[in-house]
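Notes follow once the structure below has been shown.
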Number of protein chains: 2
Amino acid sequence: MADVARQAGVSVATVSKVVNGRYGVAQSTLDRVQQVISDLGYEASLGASSLRSHRTNVIGILVAEFEPFSTELLKGASSAIGATGYELLAYSGGARGAEVGWERRYLSRLGGTLIDGAIIVTPTVVDAANGIPVVAIDPHTGPSGSTPTVDADNFAGAVMATEHLIALGHRRIGHVGGRPDLESARLREAGYRSAMAAAGLPVDESLVVNGGYRAETAGQPARAMLTGPDRPTAVFAANDLSAIRTVEVAREVGLRVPEDLSVIGFDNVPESALCDPPLTTISQPLRDIGAQALRLLVDLLNEREVPTHLRLPTSLVERGSTRRLA
Amino acid sequence: MADVARQAGVSVATVSKVVNGRYGVAQSTLDRVQQVISDLGYEASLGASSLRSHRTNVIGILVAEFEPFSTELLKGASSAIGATGYELLAYSGGARGAEVGWERRYLSRLGGTLIDGAIIVTPTVVDAANGIPVVAIDPHTGPSGSTPTVDADNFAGAVMATEHLIALGHRRIGHVGGRPDLESARLREAGYRSAMAAAGLPVDESLVVNGGYRAETAGQPARAMLTGPDRPTAVFAANDLSAIRTVEVAREVGLRVPEDLSVIGFDNVPESALCDPPLTTISQPLRDIGAQALRLLVDLLNEREVPTHLRLPTSLVERGSTRRLA
DNA sequence: CTGAAAGCGCTAACAG
DNA sequence: CTGTTAGCGCTTTCAG
């Protein structure tokens with residue numbers, strides 16, 4: 001900025017006014033400074049300007065990791081940013097995202113200055129006590145407190161998944177659950193149990209295992225379930241990643257999918273359509289969720305009233321991993 | 001930080017030393033300060049610290065927009081960040097990403113302070129004259145100058161796509177091109193022409209149109225081609241988005257895909273498998289590209305020697321949108 | 001209308 | 001070992 005000021009023969013203060021479109025600059029000065037700015041390709045440093053002004057027009061999206069789930073949300077938010085005038089800054093702390101409370105750390109790291117507001121994706125805790133407006137997507141504790149929340153209807157989706165398997169004639173239906181400390185996983189298991197009960201089917205507790213939502217953690221429990229004395233004919237996995245892993249395990253133990261075992265997932269991440277066979281799953285409108293969260297946050301930043309909780313519907317996507325019980 | 005200092009009974013300078021692990025702090029002081037830090041949940045502001053120290057351990061990924069292409073790269077970079085100790089900051093300027101030279105602006109906005117190095121995705125220009133180390137992915141001008149570049153073999157991929165159609169018996173093969181100002185689009189068209197020539201097939205220039213790489217811009221030219229006097233039996237589209245749009249247009253004008261028209265895309269973004277029919281396409285190893293770019297940048301930051309250009313292979317993915325000419 | 005000066009939160013000499 | 005001081009690049013009073 002000093003360079004610009006020198007070359008335009010003005011002070012940095014004046015350059016700052018031009019850059020920020022403040023009133024009180026003569027037209028001739030304005031033109032001259034703007035010319036120099038474009039000649040030099042000058043752009044204000046986000047770090048420095050935010051430090052002083054506490055307004056950046058940047059919205060942060062804080063994620064533990066860039067994986068299929070969070071990047072779908074990102075696409076949705078990006079498409080909704082349109083003419084809002086905000087820019088998007090997605091942040092992931094690499095290996096540190098594994099630690100509990102990462103969202104609070106990222107928030108204080110970026111929040112004081114760099115970003116005006118934040119969307120936090122599947123945070124473990126949501127204590128709104130951070131200076132800036134925050135919207136949570138699918139928080140682990142469920143919607144609570146004063147932080148607006150966007151999520152999908154996990155319970156209804158799980159009911160839908162289980163009913164689909166039941167409608168195909170399955171009776172022995174297993175469940176590869178998610179992380180039990182997460183609200184979404186609890187709701188999905190509850191939906192499974194509710195649908196089973198509604199159909200008058202008993203739940204064999206040896207067929208309900210903890211898959212931890214990840215491919216690495218789902219393999220062992222899935223194997224145990226599928227090699228047990230009385231294996232299920234169908235499995236509802238709590239998310240697509242563990243469903244895909246379950247299909248792999250089934251194959252490893254000599255079961256064909258869907259001939260010998262039907263598998264249904266949850267989320268409908270793009271990867272679920274790419275595997276073999278393509279996965280039947282429950283679709284969460286991830287892009288919509290991202291877009292809605294962004295709109296909510298923008299409203300919040302404009303000090304408009306916003307709903308405290310948005311719950312979007314899920315739907316069944318039938319592909320090749322489920323079939324009627326022979 | 002002032003709060004921490006006060007509560008621990010030390011100066012902010014000492015707190016800074018503790019936070020940054022500098023030598024010269026008594027163990028007792030260190031313990032006390034660290035206790036207060038974790039009590040208060042303090043985390044240094046990225047903006048402020050970077051302003052002063054010019055070292056942040058943050059790598060920036062600069063994209064025009066978060067869409068399927070760039071988010072795949074993001075997943076790759078995220079998976080490669082592992083134990084490097086760096087964090088990832090992906091930046092997109094919303095609507096401003098459409099302007100030419102966006103990458104230079106983002107770079108000066110973030111580069112001076114916030115990020116130690118940057119990966120720029122499909123930049124329009126690559127003038128390495130920005131303070132920080134930069135790696136380019138698929139730059140519009142092709143690899144050039146001193147900026148290390150990672151891309152896929154666009155020419156070979158286009159040859160492969162065209163040969164696939166030829167092998168299926170097609171003779172009248174159209175090409176929905178990308179943006180002619182982009183190197184990748186030029187190479188893909190060149191590959192198409194080369195494969196046609198090698199097979200002794202003439203190129204009907206009315207069958208080579210400019211689709212601009214986007215769904216919105218590809219529709220009209222695709223329609224013109226398909227409703228012309230002597231329509232092609234197969235189309236090679238320069239990327240998946242325009243291929244998908246071409247399939248839609250075909251359907252609108254009464255052509256069935258693949259029965260009446262074969263369509264092949266390029267990129268293999270996840271969306272290409274999700275459409276109906278699933279798209280046959282040329283796969284770019286997008287995640288690999290992202291991961292390699294990150295490794296290159298880390299090497300650069302560690303002042304190691306790096307190759308100036310990494311070209312990754314493409315491959316054919318056969319799905320449902322192409323078939324043998326009846 | 002313009003510029004001098006103060007200060008955002010932090011780090012880096014340096015002095016004690 | 002610890003605190004004082006200066007200043008990163010910018011914005012913001014406020015006086016000229």
By nearest atom, which of the nucleotides [options] is closest to the [X] side chain?
| X | options | answer |
| --- | --- | --- |
| A:Asn20 | C:dC8, D:dT11, C:dT2 | D:dT11 |
| A:Arg52 | C:dA6, C:dC10, D:dT4 | C:dA6 |
| B:Ser11 | D:dG3, C:dC8, D:dT11 | D:dG3 |
| B:Thr14 | D:dC10, C:dT11, D:dT2 | D:dT2 |
| B:His54 | D:dG3, D:dC8, D:dC10 | D:dC8 |

Round to a whole Å and report the spacing from [atom1] of [X] to [atom2] of [N].
| X | N | atom1 | atom2 | result |
| --- | --- | --- | --- | --- |
| B:Glu43 | C:dT11 | CD | P | 11 Å |
| B:Leu51 | D:dC10 | CG | P | 9 Å |
| A:Arg22 | D:dC14 | CZ | C1' | 16 Å |
| B:Arg6 | C:dC10 | CZ | P | 12 Å |
| A:Leu110 | C:dC10 | CG | P | 13 Å |
| B:Lys17 | C:dC10 | NZ | P | 16 Å |
| B:Asp3 | C:dC10 | CG | P | 9 Å |
| B:Leu46 | C:dC8 | CG | C1' | 15 Å |

Quick one: on DNA chain D, does B:Val25 or A:Ala48 contact a more 5' nucleotide (nearest heavy atom)?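 Its nearest nucleotide being more 5', the pick is B:Val25.
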Heavy-atom nearest nucleotide on DNA chain D for B:Val10 versus A:Ala44: which residue maps closer to 5'?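 Going by which nucleotide is closer to the 5' end, it is B:Val10.
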Around atom CZ of A:Arg32, are there more than 12 heavy atoms of other residues, nucleotides or ligands at under 6.0 Å?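 Result for CZ/A:Arg32: enclosed.
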CA sep, side-chain torsions, deciding dist, call: B:Glu87, A:Arg109, salt bridge (charged side-chain N to carboxylate O under 4.0 Å, His left out): CA-CA 12 Å; B:Glu87 317 203 322; A:Arg109 197 157 159 67; 3.4 Å; yes
Establish, from distance only, whether the side-chain atoms of [X] and [Y] form a donor-acceptor pair under 3.5 Å.
| X | Y | result |
| --- | --- | --- |
| A:Asp116 | A:Thr56 | yes |
| A:Thr124 | A:Glu103 | yes |
| B:Gln35 | B:Asp31 | no |

Using a heavy-atom cut-off of 4.0 Å across all strands, would you classify B:Ser45 as base, sugar-phosphate, or nothing?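 The residue B:Ser45 makes sugar-phosphate contact but no base contact.
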By the 4.0 Å heavy-atom rule, please label B:Val15 as base, sugar-phosphate, or nothing.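 Nothing, no heavy atom under 4.0 Å.
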Hey, does the side chain of A:Ser16 come within less than 4.0 Å of D:dT11's phosphate (OP1/OP2), counting only N and O?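 So the side-chain polar atoms of A:Ser16 do come within 4.0 Å of the phosphate oxygens OP1 or OP2 of D:dT11, strictly under.
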Short side-chain N/O contact to C:dC10 OP1/OP2 from B:Tyr42, under 4.0 Å: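 Yes, B:Tyr42 has a side-chain N/O under 4.0 Å of OP1/OP2 on C:dC10.
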Ignoring hydrogens and angles, tell me if any N or O in the side chain of B:Asn239 forms a donor-acceptor pair with the backbone of B:Tyr213 under 3.5 Å.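 Flag set: sc B:Asn239 to bb B:Tyr213 pair under 3.5 Å.
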Main-chain N/O of A:Ser49 paired with A:Ser53 side-chain donor or acceptor, under 3.5 Å: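 Yes; judged by distance alone, with no hydrogens or angles, the pair exists.
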Less than 4.0 angstrom from a charged side-chain N to a carboxylate O is my criterion; do B:Glu65 and A:Lys75 meet it?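 Judged by the 4.0 Å cut-off on N to carboxylate O distance, B:Glu65 and A:Lys75 do not form a salt bridge.
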Nucleic acid contacts of residues 26-41 of chain A, taken as heavy-atom distances under 4.0 Å to DNA chain D: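 Contacts with DNA chain D under 4.0 Å: none.
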